[in-house]
Protein chains: 2
Amino acid sequence: MSVTHTDVPGPAGFQITDDCPIRDVLDRVGDKWSVLIVVLLGRRTHRFSELHRAIEGISQRMLTHTLRALARDGLVSRTVHASVPPRVDYELTELGRTLLGPLTALDEWATAHRDDIRAARERHDREVPAT
Amino acid sequence: MSVTHTDVPGPAGFQITDDCPIRDVLDRVGDKWSVLIVVLLGRRTHRFSELHRAIEGISQRMLTHTLRALARDGLVSRTVHASVPPRVDYELTELGRTLLGPLTALDEWATAHRDDIRAARERHDREVPAT
DNA sequence: CAGAATCCGTGTAGATACTG
DNA sequence: CAGTATCTACACGGATTCTG
C-alpha cells in the first residue's frame with residue numbers, strides 16, 4: 001500500500017496526511033465529468049461540439065471548465081485550427097493515456113459489482129427505513 | 001471499454017448516459033474521505049475514534065456520514081459492542097475488499113505521475129499566467 | 001466513546017445570454 | 001463553432017453543541 005502516511009507514536013501507528021497521492025488524483029478526476037471526457041478521448045480525438053453532444057447533460061460551461069482543468073494538468077491537449085468556423089480538437093496526451101488503465105480497472109469493478117451495491121443498499125434501507 | 005453507452009445515429013456514434021457504472025462508483029467513493037477510510041480499513045479493523053485520529057482533518061460529522069454511506073452500500077460493516085463505554089468497530093466487507101485492487105491501481109498511478117502533473121501545471125501556468 | 005442535531009459558509013455546477 | 005460572462009442554487013462539508 002503506497003498511500004502516503006507518516007509513522008507516529010500511538011495506537012494507530014500512522015496517520016493519513018492531506019496530500020496523499022490517491023486523494024490528489026481524485027481531486028482531479030473525481031468530479032462529475034472528467035472521467036467521462038477522458039474515457040471518450042481514450043477512444044479517439046473529439047472536437048468541442050462532439051463532446052458536448054456525446055456527454056448527455058453537460059453544460060457548455062462545465063465542458064469548457066473541465067477540459068481546461070484537464071489540459072492544465074497535462075492529461076488532455078487542446079489544438080486550435082485557424083479556420084472559419086473555428087475548430088478545436090481535444091485528445092489525450094501521453095500522460096492522459098496512462099490513466100486509462102486504472103480507470104478501466106475501476107470501471108470493470110463498477111460494472112461487476114453495481115448489482116451487489118444496489119442489493120446492499122436496498123437491504124439496508126429495508127432494515128433502517130428512516131433513521 | 002465497458003463504459004455504458006448507447007449506439008445512436010450521428011457522427012459521434014454513441015452517447016454516454018447518466019447511469020454509467022464508472023460514474024456510479026465515483027459518486028460513491030469520489031468524495032473527500034471515502035477512499036481514505038477504505039484504505040485504512042483495508043489494513044485492519046478500526047474503531048470510530050481510531051479512524052478519527054488517523055485521518056487528519058476529518059470532522060466527527062463527516063466521519064459518521066461517510067461510514068454510514070459506506071455501510072449502506074455494503075462496503076463496510078459496522079459492529080456495535082454492548083459495553084461501557086460503547087465501542088463500534090468498522091471493517092471492510094467482502095465487497096469492500098474487492099475495491100482495494102482498483103483503488104491501489106489508481107493510487108499507484110497517482111504516485112507514479114504526480115510529478116508529471118505538477119510539472120504540466122507549472123508549465124501551463126507559466127504560459128497562461130492569468131487568462 | 002460514539003454519535004446526533006443544528007447552524008452556516010463555500011465551492012461546484014446549472015441556466016441563460018452574449019461574442020469573436 | 002467554441003467559447004465567455006453573470007447570476008443563482010443547492011449540496012458538501014466544517015464548527016459547535018448536546019446526548020445515550
Side-chain angles (χ1 to χ4, degrees), chain A residues 10-12 16 18 23-24 26-37 40-41 45-73 76-91 124 128-131, chain B residues 10-12 16 18 23-24 26-37 40-41 45-73 76-91 128 130-131:
Chain A
I16 289 192
D18 295 18
R23 275 248 40 83
D24 244 48
L26 283 177
D27 284 344
R28 237 154 230 116
V29 301
D31 62 55
K32 197 170 178 180
W33 306 110
S34 290
V35 286
L36 296 183
I37 293 175
L40 277 176
L41 295 184
T45 298
H46 283 68
R47 45 193 303 193
F48 187 88
S49 53
E50 286 177 331
L51 289 172
H52 198 190
R53 274 191 300 273
I55 302 174
E56 189 182 12
I58 195 172
S59 64
Q60 235 173 17
R61 172 186 143 86
M62 286 318 297
L63 181 55
T64 303
H65 272 39
T66 309
L67 284 170
R68 290 280 203 265
L70 291 172
R72 185 165 110 100
D73 291 339
V76 160
S77 73
R78 179 172 181 271
T79 310
V80 180
H81 300 272
S83 60
V84 177
R87 172 201 182 97
V88 181
D89 283 337
Y90 292 93
E91 65 182 321
H124 183 103
V128 190
T131 316
Chain B
I16 288 192
D18 295 18
R23 276 248 37 85
D24 244 47
L26 283 177
D27 284 343
R28 238 154 229 115
V29 300
D31 61 52
K32 196 170 179 181
W33 306 110
S34 290
V35 287
L36 296 183
I37 292 175
L40 278 177
L41 296 183
T45 297
H46 283 69
R47 44 192 304 194
F48 188 88
S49 53
E50 286 177 332
L51 289 171
H52 198 192
R53 275 191 300 273
I55 303 174
E56 189 182 12
I58 195 172
S59 65
Q60 236 173 16
R61 173 185 141 87
M62 286 319 295
L63 182 53
T64 304
H65 272 40
T66 309
L67 284 169
R68 290 279 202 266
L70 291 172
R72 185 165 110 100
D73 291 340
V76 160
S77 73
R78 179 173 180 270
T79 311
V80 181
H81 300 272
S83 60
V84 176
R87 170 202 183 98
V88 182
D89 284 337
Y90 293 93
E91 65 182 320
V128 190
T131 316

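Quick caveat, the model's predicted, so the values are computed rather than measured. Residue numbering restarts at 1 for every chain, and letters A, B, ... go by the order of the sequence lines. These numbers come from the heavy atoms of this one structure, side chains and all, not from hydrogens, waters or symmetry mates.
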Please report, rounded to the nearest Å, how far the C1' atom of D/dG3 is from the CZ atom of A/R87. 16 Å
With a 4.0 Å limit, can you tell me whether B/S49 has a side-chain N or O closer than that to the phosphate oxygens OP1/OP2 of C/dC1? no
C/dG20 P sits how many Å from A/H81 NE2, rounded? 23 Å
Assuming nearest nucleotide by heavy-atom distance, tell me which of A/P85 and A/T64 is located more 5' along DNA chain D. A/P85
State which of D/dG3, D/dC1, C/dA2 makes the closest approach to the side chain of A/R47. D/dC1
Point-to-point distance, once rounded to the nearest 0.5 Å, from CZ of A/R53 to NE2 of A/H46: 9.5 Å
Grab the CG-P distance between A/D31 and D/dA11 for me, whole Å please. 18 Å
Along DNA chain C (nearest heavy atom to each residue), the more 5'-positioned of B/D89 and A/P86: B/D89
How many Å lie between CG on B/L67 and P on D/dG13, as a whole number? 13 Å
So, do A/T79 and A/H81 sit near enough that their side-chain heavy atoms are less than 4.5 Å apart? yes
Got B/L51 and B/L67 here, is their nearest side-chain heavy-atom distance under 4.5 Å? yes
Value for CZ (A/R47) from CD (A/E91), rounded to nearest 0.5 Å, stands at 14.5 Å
Expressed in angstrom and rounded to an integer, what is the separation of A/H52 atom NE2 from C/dG14 atom P? 10 Å
Are any non-hydrogen side-chain atoms of A/E56 and B/I16 less than 4.5 angstrom apart? no
Interatomic distance, A/M62 CE vs D/dA9 C1' [rounded to whole Å]: 14 Å
Rounded to whole angstrom units, what separation is found between the CD atom of B/Q60 and the P atom of D/dT19? 15 Å
Phosphate OP1/OP2 of D/dA2 contacted by A/R78 side-chain N/O (<4.0 Å): no
Taking only side-chain N and O atoms of B/R61, does any of them lie within less than 4.0 angstrom of OP1 or OP2 on D/dC12? no
Expressed as a whole number of angstroms, how long is the span from B/R23:CZ to C/dT12:C1'? 13 Å
